[in-house]
Amino acid sequence: MSEKVSFDKITTHLQQTGYVYQGSQIYNGLSNTWDYGPLGAELKRNIRSMWWKKFVQESPTNVGLDAAILMNPRVWEATGHVTTFNDPMVDCKACKARHRADNLIKEQYPDVDVDAMSFEDMDEFIKTHELVCPVCGKKEFTPIRKFNMMFKTHIGVTEDSSSTVYLRPETAQGVFVNFVNVQRTMRKKLPFGICNAGKSFRNEITPGNFTFRTREFEQLEMEFFCKPNTDLEWFAYWKEYCRKFLDSLGVKDENLRYRDHEPAELAFYSKATTDVEYNFPTLGWGEILGVADRTDYDLSRHQEYSKQDLTYFDPDTNERYIPYVIEPSMGLDRLMLMVMVDSYEEQELEGGDVRTVMHLLPALAPYKIAVLPLSKKLSEKGKEVLSILNKHFSVTYDETGSIGKRYRRQDEIGTPYCVTIDFDTSEDQSVTIRERDSMKQVRMPIDDLVNYFSVKLFY
RNA sequence: GCAGGCGUAGUUCAAUGGUAGAACGCGACCUUGCCAAGGUCGACACGCGGGUCCGAUUCCCGUCGCUUGCUCCA
């Protein structure tokens with residue numbers, strides 16, 4: 001067994017091998033943006049399809065949706081994003097530390113009702129009551145400044161406020177506003193779920209830790225609508241379902257943990273939340289997905305703001321009610337990072353040589369097979385085999401360098417199988433298959449390859 | 001956004017007030033022909049701008065970017 005490799009080493013490897021590139025690199029990058037290279041793009045697609053397969057295709061209750069990023073701004077008033085994403089921040093002029101004005105007041109004057117104060121009130125209060133900076137003890141603060149977490153843009157070419165729209169900070173709202181559409185057109189009865197995957201944007205102040213926290217990220221979310229008072233059962237059900245999904249990604253169990261939120265930690269809309277965290281090297285535990293009981297909060301708010309009827313008529317009981325919602329939500333970029341990090345291994349070989357291997361599950365690997373002619377003289381036969389296999393699988397081809405070196409290259413990027421063309425291939429119409437993890441080889445007729453891999457690659 | 005640190009081939013590192021070397025990696029050819037072989041050859045770098053200077057990759061300033069910490073994190 002090799003010891004745990006540093007996070008830094010793995011991210012360097014990912015950037016060297018075509019999984020991840022720094023964003024806008026030829027312009028010296030842009031803080032905290034990343035592009036997925038050819039391999040990363042394949043891996044991302046594979047994980048997204050596994051999620052879709054598990055949560056949409058294999059679920060008898062669920063359907064998919066692909067909602068727009070830009071939404072009517074009233075949506076974000078209804079959810080509270082416009083107001084609570086406007087946190088009042090002040091800086092200490094002496095030590096430059098930054099604080100939330102409302103928290104400062106709460107901490108130093110617990111009896112004051114901060115929620116009822118306007119920002120002007122808070123400014124005034126801070127001055128007249130001589131609040132001190134918890135860091136340096138001085139009493140000089142800048143006026144309150146607002147940091148809106150939502151990216152703003154405009155529809156149309158004029159910049160008046162009536163045309164302001166936001167990039168969505170979560171995909172969930174695209175589902176809630178379509179609850180009635182989906183229910184009616186798909187003739188769905190409760191309980192049922194709507195899955196929606198796509199980019200979300202949060203203009204967070206702090207960047208950090210490679211692709212783990214970025215301002216632009218892809219979410220895989222499901223909103224599962226159920227009858228009130230059945231929500232806790234469904235909460236437990238989807239928690240377990242998520243566990244199975246993570247298992248199917250092949251991540252080592254000891255690197256995962258489940259953490260129930262304490263009541264004080266819960267978001268205001270949520271009755272219960274469980275996070276699943278992954279133990280990253282160097283970084284430690286980081287959230288990969290969350291399952292939340294969102295109650296009827298979202299639909300109720302949308303009903304209030306849109307003045308549309310968002311209730312569900314239950315034909316079994318002849319009741320009308322707003323459904324409760326269980327939401328398993330995960331970050332695709334984080335799932336990717338987890339899978340890439342977890343699969344990475346450096347094996348010490350005799351002679352001090354190091355063999356780097358990504359033990360990706362075949363279903364996730366960017367390339368399933370590498371076709372490797374033993375010599376360039378065998379190119380023609382190699383390309384023939386390539387064109388048979390790439391009708392069915394994602395395949396790469398390499399005829400440069402020694403065969404051992406080419407095996408290592410494929411190990412490094414996680415290709416589970418290599419197909420080697422040798423000088424006997426033309427005569428016996430057979431090739432050698434070399435498996436990544438065991439490094440074992442078997443001989444097989446070319447005609448059997450497609451069937452063989454169809455079974456091997458998708459269980 | 002604030003404070004510190006840092007910017008030399010793809011990567012890891014050198015050297016230098018007179019325009020830069022290596023290793024690994026990459027490519028071609030020869031050789032070999034199933035687990036990083038060898039040989040020959042080749043491509044690729046001083047983040048950007050300004051100042052000082054005869055001359056700046058080197059010194060100074062600015063800028064851009066990265067990074068660590070803080071702040072933030074529905």
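Throughout, a chain's letter reflects where its sequence line sits, starting with A, and its residues are numbered from 1.
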Which side-chain N or O atoms in residues 330-337 of chain A pair as donor and acceptor under 3.5 Å with protein atoms at least two apart or in another chain?
unit_1 : atom_1 : unit_2 : atom_2 : d
A:D333 : OD1    : A:E218 : N      : 2.7
A:D333 : OD2    : A:Y36  : OH     : 2.7
A:R334 : NE     : A:F212 : O      : 2.9
A:R334 : NH1    : A:E287 : O      : 3.0
A:R334 : NH2    : A:F212 : O      : 3.3

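- Residues A:P373 and A:D353 both approach RNA chain B. Their nearest nucleotides, taken by heavy-atom distance, put A:P373 toward the 5′ side.
- Candidate nucleotides B:U67, B:C35, B:C34 were compared by shortest atom distance to the side chain of A:R408, and B:C35 ranks first.
- Remark: A:R436 pairs with no residue by the salt bridge (Lys or Arg N to Asp or Glu O under 4.0 Å) rule, at least two apart or across chains.
- The aromatic rings of A:Y241 and A:F55 stand perpendicular to each other, their planes meeting at an angle above 60°, with 30° marking the opposite boundary.
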| field | Watson-Crick and G-U pairing of RNA chain B written in dot-bracket, each distance under 3.5 angstrom, with | for inter-strand partners | value | (((((((..((((....[..)))).(((((.......)))))....(((((..]....))))))))))))....
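- Residue A:D422 places a side-chain atom within donor-acceptor reach of the base of B:C34, judged by atom type and a 3.5 Å distance cut-off alone.
- One finds no side-chain N or O of A:T12 lying less than 4.0 angstrom from the OP1 or OP2 phosphate oxygen of B:U11.
- Shown here are the salt bridge (Lys or Arg N to Asp or Glu O under 4.0 Å) partners of A:R74, two or more places apart in sequence or in another chain: A:E77.
- Among the protein residues, A:Q441 comes within range of the nucleic acid bases, having at least one heavy atom under 4.0 Å from a base atom.
- The base of B:C35 sits with one of its N or O atoms less than 3.5 Å from a complementary donor or acceptor on the side chain of A:R434.
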| How does protein reach along nucleotides 24-31 of chain B, written 5' to 3' as B (base within reach of a heavy atom under 4.0 Å), S (only sugar-phosphate), or - (no contact)? | -SSSSS--
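- Side-chain atoms of A:R355 and A:R408, non-hydrogen and from C-beta on, do get closer than 4.5 Å to each other.
- Here B:C34 is the nucleotide among B:C35, B:A74, B:C34 with the atom lying nearest to any side-chain atom of A:T420.
- For the C1' atoms, the distance from B:A43 to B:C26 is 9 Å, rounded to whole Å.
- Applying the 3.5 Å distance criterion, the base of B:C35 shares no donor-acceptor pair with the side chain of A:R355.
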Please list every donor-acceptor pair under 3.5 Å in which a side-chain atom of residues 231-238 of chain A meets a protein atom from a residue at least two apart or in another chain.
unit_1 : atom_1 : unit_2 : atom_2 : d
A:D231 : OD1    : A:N229 : N      : 3.4
A:D231 : OD2    : A:K271 : NZ     : 2.8

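- Between the side chains of A:Y344 and A:E346, at least one donor-acceptor pair of N or O atoms lies under 3.5 Å.
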